[in-house]
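All values reported here derive from a predicted model rather than from experimental measurement. No hydrogens, no waters, no symmetry mates; every other heavy atom, side chains included, goes into these values. Throughout, numbering of the chain's residues begins at 1 and tracks the sequence.
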Amino acid sequence: MSAKIVEIKTDDGIAECHFFNPPEKGKFPGAILYMDAFGIRPALCDMGERLASNGYNVLLPNLYYRSGPHKPFDPKTAFSGGPEKDRLMALYQSINNRLVMQDTASFLDFLENEATVLPRKFGCVGYCMGGPFALSAAGTFPGRIAAAASFHGARLATDQPDSPHLLAPKMRAGIYVGVAGIDANFSVDQRKKLEAALQSAGVTHAVEVYPGAKHGFAVPDTVGYDQAASEQHWQRLLHLYDENLRG
């Protein structure tokens with residue numbers, strides 16, 4: 001397994017990213033892994049490595065780069081209140097769909113120019129906070145994103161003008177949305193609104209509820225981690241990528 005830290009120039013500065021490559025030599029599809037609110041940490045790097053081990057070049061960007069260096073968070077305690085929650089919320093509120101799509105253009109350019117990455121068709125996946133970024137990327141870069149997945153994502157179908165579901169008519173990617181069965185951040189009404197938008201636009205998609213799973217079920221260091229549901233998420237993600245990025 002090859003892993004390194006790369007610095008990618010964006011319109012607003014330098015984004016530090018982890019870049020994971022498959023163990024075999026050759027050219028492989030590229031994918032962006034959009035982090036959850038807790039930021040870059042060993043658990044997400046492990047996920048990047050696992051995806052890479054299945055034959056993908058994986059870019060894991062620090063989306064909080066505009067705020068400068070920060071101490072890592074413990075996902076099990078960060079939302080408990082006090083200074084840590086305030087610190088986390090300040091970072092969370094420092095980015096939005098527009099800024100991350102602006103950055104994504106630079107991330108895709110990086111992948112396009114890497115010798116080990118197959119050109120043109122890229123994947124993306126987002127967890128929690130990263131979920132809407134993955135779907136927004138599919139609608140913002142329809143000629144480049146061929147597969148996009150969101151797992152226990154929030155704000156996928158809101159009343160805001162930058163809601164990802166509004167981009168459905170522009171999407172050309174295969175879309176998969178894994179929904180936690182227990183998730184106050186993504187209501188049944190939002191799910192129905194998202195499904196209706198994807199269906200109306202003729203987007204190839206699947207929206208699947210993981211019964212009994214809690215918000216955060218796919219990421220190993222979160223309070224809501226569910227090993228069985230997480231393994232199912234890996235099966236769904238790899239199937240989506242194999243179908244849409246290797247053809």
Count I, L, V, M, F, W, Y as connected when their side-chain heavy atoms are under 4.5 Å apart, and connections chain through other members. Are Tyr34 and Trp234 then in the same cluster? yes
Can you list every pair that meets salt bridge (charged side-chain N to carboxylate O under 4.0 Å, His left out) and has a residue in residues 3-21, with sequence neighbours left out? Asp12-Arg66
Phe79 vs Phe38, test: ring-ring contact (aromatic ring centres under 6.0 Å, His included). Steps then yes/no. CA-CA 10 Å; Phe79 277 120; Phe38 303 112; 5.5 Å; yes
Please report the interatomic distance NE2(His165) to CZ(Arg191), rounded to the nearest 0.5 Å. 15.0 Å
Closest non-hydrogen atom pair, Cys124 against Ala137: SG-CB, 4.1 Å
Verdict with reasoning, Thr222 to Tyr127, per side chain to side chain donor-acceptor pair (under 3.5 Å): CA-CA 11 Å; Thr222 66; Tyr127 298 88; over 6 Å; no
What distance do Leu111 atom CG and Ile32 atom CD1 have between them, rounded to the nearest 0.5 Å? 5.5 Å
With a 6.0 Å cut-off (strictly less than), is the heavy-atom count around NZ of Lys192, excluding the residue itself, greater than 12? no
For side chain to side chain contact (heavy atoms under 4.5 Å, CB included), just list the numbers for Ile175 and Leu135, CA-CA rounded to whole Å, side-chain angles, deciding distance to a tenth of an Å, and then say yes or no. CA-CA 8 Å; Ile175 302 293; Leu135 297 192; 3.7 Å; yes
Distance in Å, Cys128 SG paired with Phe217 CZ, rounded so as to fall on 0.5 Å steps: 9.0 Å
Can you classify the ring geometry of Phe20 versus His18 as parallel (below 30°), tilted (30 to 60°) or perpendicular (above 60°)? parallel
Spacing of OG belonging to Ser67 relative to CD1 belonging to Ile95, to within rounding of 0.5 Å: 8.5 Å
Taking side chain as C-beta onward, heavy atoms only, is Met171 less than 4.5 Å from Leu198? yes
Can you find a pair of side-chain heavy atoms, one from Pro22 and one from Asn57, that are under 4.5 Å apart? yes
Sub-3.5 Å donor-acceptor pair from the side chain of Asn97 to the main-chain atoms of Asp162, do we have one? yes
Quick check: is Leu44 connected to Ile8 through a chain of hydrophobic side chains (ILVMFWY, heavy atoms under 4.5 Å apart)? yes
Assigning hydrophobic clusters by single linkage (Ile, Leu, Val, Met, Phe, Trp, Tyr; side-chain heavy-atom cutoff under 4.5 Å), is Phe28 placed with Leu59? no
Main-chain N/O of Ser230 paired with His233 side-chain donor or acceptor, under 3.5 Å: yes
Counting distance only, does the side-chain N/O of Asn185 pair as donor-acceptor with the main-chain N or O of His215 below 3.5 Å? no
Can you tell me how far apart CG (Leu88) and CD (Gln93) are? Round to the nearest 0.5 Å. 9.5 Å
Ring center gap for Phe141 and Phe122 short of 6.0 angstrom: no
Minimum heavy-atom distance Leu99-Ser94, with the two atoms named: CD1-O, 3.7 Å
Can you find a heavy atom in the side chain of Tyr210 that is under 4.5 Å from one in the side chain of Asp226? no
So, the side chain of Ser80 versus the backbone of Thr77: is there a donor-acceptor pair under 3.5 Å, distance only? yes
Are Tyr92 and Leu60 connected in a single hydrophobic cluster, I mean Ile/Leu/Val/Met/Phe/Trp/Tyr linked by side-chain heavy atoms less than 4.5 Å apart? yes
Ignoring hydrogens, what is the shortest heavy-atom contact between Ser150 and Leu156? Give both atom names and the distance. OG-CD1, 3.8 Å
Before we go on, tell me: are the rings of Tyr176 and Phe151 under 6.0 Å apart, centre to centre? yes
Atom pair CZ/CG of Arg50 and Leu33 - distance to nearest 0.5 Å: 12.5 Å
Is Ser187 reaching over with its side chain to a backbone N or O of Gln190, donor-acceptor style, under 3.5 angstrom? yes
Of all heavy-atom pairs linking Ile40 and Pro61, the shortest is CD1-O, 3.5 Å
Would Tyr56 and Leu238 satisfy side chain to side chain contact (heavy atoms under 4.5 Å, CB included), going step by step from the backbone distance to the final call? CA-CA 10 Å; Tyr56 297 94; Leu238 292 173; 4.2 Å; yes
More than 12 heavy atoms from other groups under 6.0 Å of CD on Glu24: yes
Step-by-step side chain to side chain contact (heavy atoms under 4.5 Å, CB included) determination, Leu63 to Met35: CA-CA 8 Å; Leu63 301 178; Met35 66 192 203; 3.7 Å; yes
Is it the case that atom CD in Glu208 sees more than 12 heavy atoms from other parts of the structure closer than 6.0 Å? yes
Okay, side chain of Lys27, backbone of Ala115: is any donor-acceptor separation there less than 3.5 Å? yes
Quick check: closest heavy atoms across Ile145 and Ala173, and the distance to 0.1 Å? O-CB, 3.3 Å
Side chain of Thr10, backbone of Gly13: donor and acceptor closer than 3.5 Å? yes
Ignoring hydrogens and angles, tell me if any N or O in the side chain of Lys76 forms a donor-acceptor pair with the backbone of Asp221 under 3.5 Å. yes
Using the salt bridge (charged side-chain N to carboxylate O under 4.0 Å, His left out) rule, take Arg41 and Asp36 through it: C-alpha gap first, then chi angles, then the decisive distance, then the call. CA-CA 10 Å; Arg41 57 197 190 279; Asp36 59 13; 2.8 Å; yes
By ring pair (Phe, Tyr, Trp, His ring centres under 6.0 Å) - contacts of Tyr225 (at least two apart): none
Give a yes or no answer on whether the side chain of Thr140 reaches the backbone of Ser136 with a donor-acceptor pair at less than 3.5 Å. yes
Just checking, any donor-acceptor pair under 3.5 angstrom between side chains of Asn54 and Tyr241? no
hydrophobic_cluster_shared for Ile5 and Tyr65, side chain cutoff 4.5 Å: no
Backbone N/O of Asp183 and side chain of His152: donor-acceptor pair under 3.5 Å: no
Salt bridge (charged side-chain N to carboxylate O under 4.0 Å, His left out) partners of Lys193, counting only residues at least two apart: Asp159
Worked check of side chain to side chain contact (heavy atoms under 4.5 Å, CB included) between Arg155 and Met129: CA-CA 8 Å; Arg155 298 181 293 108; Met129 175 187 79; 4.2 Å; yes
For Gly139 and Lys170, the nearest pair of non-hydrogen atoms, with its separation, is O-CB, 3.5 Å
Please determine whether the number of non-hydrogen atoms from other residues, nucleotides or ligands lying under 6.0 Å from atom NE2 of His70 exceeds 12. yes
